Amino acid sequence: FSSSEYRISSDGKAAKFQPPPKPVIIDKQKQREERRFLSPEFIPPRGRTDPLKFFLERKDMIQRRKVFNIPEFYVGSILAVTTADPYANEKANRFVGICIQRGGKGLGATFVLRNVIEDQGVEICYELYNPRIQAIEVLKLEKRLDDNLLYLRDALPEYSTFDVNMKPVTHLDYEDIPVNKLQVRMKPKPWSKRWERPKYNIKGIKFELPEKKMKEAEKWRQPWLEFDMLREYDTSKIEEKIWKEVSEELKK
Amino acid sequence: MMPIWTKSGKKHAVTLLKVQDCHVLKYISKEESGGKTSKLLVGGKNASPFSKSESAMEIFKEAGVPRKQKVTTFNVTDDAIIKPGTPLYAAHFRPGQVVDVTAKTIGKGFQGVMKRWGFKGQPASHGQTKTHRRPGAISTNKAAKVYRGKKMPGKMGNIYRTSFGLKVWRINTKHDIIYVNGSVPGHTNCLVKVKDSQLPTYKDCNKNPPFPTYFADGDETLPEDLYDDEIFQFTDPSVTYA
């Protein structure tokens, strides 16, 4: 029994039965598993060192991560770090800042936090695996257009000021990391480095320089570099192996 | 090289040395060698036996051991003699001991006097004609000769040098690795000779070492990692100053 033949349609023909559209189920669990983050200090640099050395270092790093939580963060996220300080009042020192760069591999991995406190720019370089660090909280997890925000030193101070008593911004597990496409305005030249030159490849600055200066900076472009095969370092397979190893160990 | 932290929060840099297939090759008695003490020949890393003459391979055949890439002598007292053919392990050293490390430095080739001996050279401008990195004067007028050993350009590096008084922080018995304080001469993966320190300040440092060496018989089972007392182990919670 189907009622389609009995339906009186406006155009006179028998209206074909259209089934309702299927509901699209967004499986949040799958999305959560798809995004995996391997901290950049786990990836060994290119060189002639014995891989056994990196294996032993990774064991130590995983040991530390089991006892102390090192959250996922990127260059451009705002962090608050509390360190043990023998000369401070409460023996602990809290610093809030934006992560400018992440350097080093293995146990000596570092990250630099920048903030402007009472009109004085302050940058502190912390070691991720230093035992004196009591807590690392991510107040705002986000990425920026560049890997390296050293140009904030020559930008207007408002772009580096962050409230010390900022409340953490919640970030849901399965969502993608937001990319802040902020274009930063700079102080007048001279800068500490010539950020307009193509070797720094900065996309996060709003250059207000005259056209002539921008054209002159293009003279230093080295377009052959991206085709140089000896500079290639494909880390995809290494990352896969290390990700498996690290995630298995951390689950134990 | 790796960082290591102590329980007080201080950071030290540490070099990892791997004990790879070390065997005792030969025992030379005091009279035979003509020295003050008897000697033990020890061989390092395994290598292919096909590129050495038969006479050189005799020592390895007698000890019953594959051909070693490096052979060194250690001056030993008579009570520390070991039978040729016994393997040596990293557990021979214990955390807290002080050690001297000898190796061939990185070869830099033919180098000028500024890099080789640290001379100051000459100014870059103000009329200097073709003289910016030269040694300048090599002797005085009265001497009328150049002394032997005058510092001049030549081949730099690739010679044996020793770093003295390096503390052992940690020993990994599973992979035979010694964590030694500070830096060590030589490039990465080069062959290195590790000895008990001969500095007078560390004469009484080695208390109860495994004597004559650590034999992996199975009598005493060591844990996988041996740490010095002052090291911060990553299983502990973060350091606080209470």
Side-chain angles (χ1 to χ4, degrees), chain A residues 41-42 44-71 81-94 103-111 125-137 246 249-250 252, chain B residues 1-21 44-46 69 90 106 169-184 186-192 223-242:
Chain A
E41 70 265 7
F42 279 103
R46 193 159 70 140
R48 294 214 257 165
T49 340
D50 202 0
L52 178 65
K53 185 240 178 186
F54 298 121
F55 173 71
L56 293 169
E57 244 188 320
R58 254 176 280 140
K59 243 176 44 175
D60 275 339
M61 284 150 79
I62 293 170
Q63 237 344 306
R64 174 76 178 149
R65 277 182 185 247
K66 281 187 189 168
V67 173
F68 173 73
N69 172 43
I70 298 176
V81 175
T82 29
T83 12
D85 192 354
Y87 310 111
N89 273 339
E90 260 128 64
K91 309 293 171 198
N93 197 342
R94 185 172 190 260
K105 298 283 178 198
L107 279 174
T110 54
F111 62 101
C125 177
Y126 289 105
E127 289 156 348
L128 274 174
Y129 296 94
N130 197 332
R132 275 165 59 183
I133 297 186
Q134 314 286 350
I136 304 181
E137 309 151 34
V246 168
E249 283 288 321
L250 281 176
K252 279 184 198 167
Chain B
M1 284 194 71
M2 258 219 281
I4 236 180
W5 286 274
T6 54
K7 290 193 171 141
S8 55
K10 275 201 176 158
K11 179 167 120 165
H12 298 269
V14 137
T15 316
L16 311 198
L17 306 174
K18 183 169 166 79
V19 177
Q20 201 168 10
D21 317 312
K45 188 164 143 190
N46 286 345
Q69 187 148 21
I106 299 180
W169 283 109
R170 179 177 160 181
I171 304 249
N172 188 318
T173 34
K174 187 173 163 201
H175 299 279
D176 275 333
I177 297 193
I178 310 174
Y179 289 59
V180 143
N181 190 32
S183 59
V184 139
H187 55 88
T188 39
N189 304 335
C190 79
L191 291 161
V192 131
E224 193 192 322
D225 272 304
L226 291 162
Y227 295 94
D228 187 48
D229 297 322
E230 290 172 18
I231 283 191
F232 169 81
Q233 302 197 22
F234 289 113
T235 38
D236 305 332
S238 307
V239 163
T240 37
Y241 300 102

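Remember, predicted model here, so these are calculated numbers, not experimental data. In what follows, chains are A, B, ... by sequence order, proteins preceding strands, each numbered from 1.
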Does the side chain to side chain contact (heavy atoms under 4.5 Å, CB included) test come out yes or no for M2(B) and K53(A), once each step is laid out? CA-CA 9 Å; M2(B) 258 219 281; K53(A) 185 240 178 186; 4.1 Å; yes
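- For the atom pair CG of D225(B) and CG of D60(A), the computed distance is 7.5 Å after rounding to the nearest 0.5 Å.
- The heavy-atom pair separating P3(B) from G108(A) by the smallest distance is CG-N, 3.8 Å.
- Residue pairs meeting the side-chain hydrogen bond (donor to acceptor under 3.5 Å, both in side chains) criterion with at least one member in residues 173-182 of chain B, sequence neighbours excluded, are W169(B)-N181(B).
- A 4.5 Å side-chain heavy-atom check between R65(A) and F234(B) finds every atom pair outside the cut-off.
- Under the 3.5 Å distance criterion, the side-chain polar atoms of N189(B) are matched with a main-chain donor or acceptor of R48(A).
- A salt bridge does not link D236(B) to R64(A): none of the charged nitrogens lies less than 4.0 Å from a carboxylate oxygen.
- Atoms NZ and CG, on K18(B) and L56(A) in that order, are 8.5 Å from each other to the nearest 0.5 Å.
- With contacts defined as side-chain heavy-atom distances shorter than 4.5 Å, the pair V239(B)/I133(A) does not qualify.
- The CG atom of N172(B) sits 8.0 Å away from atom CG of L52(A), with the distance rounded to the nearest 0.5 Å.
- Here the closest heavy-atom approach between residue S238(B) and residue Q134(A) is recorded as CB-OE1, 3.8 Å.
- Contact of I4(B) with chain A is not made at all, since no heavy-atom distance falls under 4.5 Å.
- Of the listed residues (T235(B), I177(B), T188(B)), the one with the most heavy-atom contacts under 4.5 Å to chain A is T235(B).
- E127(A) touches chain B through its side chain: at least one heavy atom from C-beta onward sits under 4.5 Å away, while N, CA, C and O do not.
- Only the backbone of D85(A) comes within less than 4.5 Å of a heavy atom in chain B; its side chain stays farther off.
- With a 4.5 Å cut-off on side-chain heavy atoms, W5(B) and Y129(A) count as touching.
- Between the CG atom in D50(A) and the CD atom in Q20(B) there is a gap of 7.5 Å [rounded to 0.5 Å].
- Every residue two or more places apart in sequence or in another chain was checked for a ring pair (Phe, Tyr, Trp, His ring centres under 6.0 Å) with F42(A), and none qualifies.
- Within 6.0 Å of atom CD in E90(A), 12 or fewer heavy atoms from other residues, nucleotides or ligands are found, so the atom counts as exposed in its surroundings.
- For Y87(A), no part lies near chain B; criterion is any non-hydrogen pair under 4.5 Å.
- Proximity to chain A is absent for every atom of K7(B), based on heavy atoms less than 4.5 angstrom apart.
- With a 4.5 angstrom heavy-atom cutoff, K59(A) touches chain B only via side-chain atoms.
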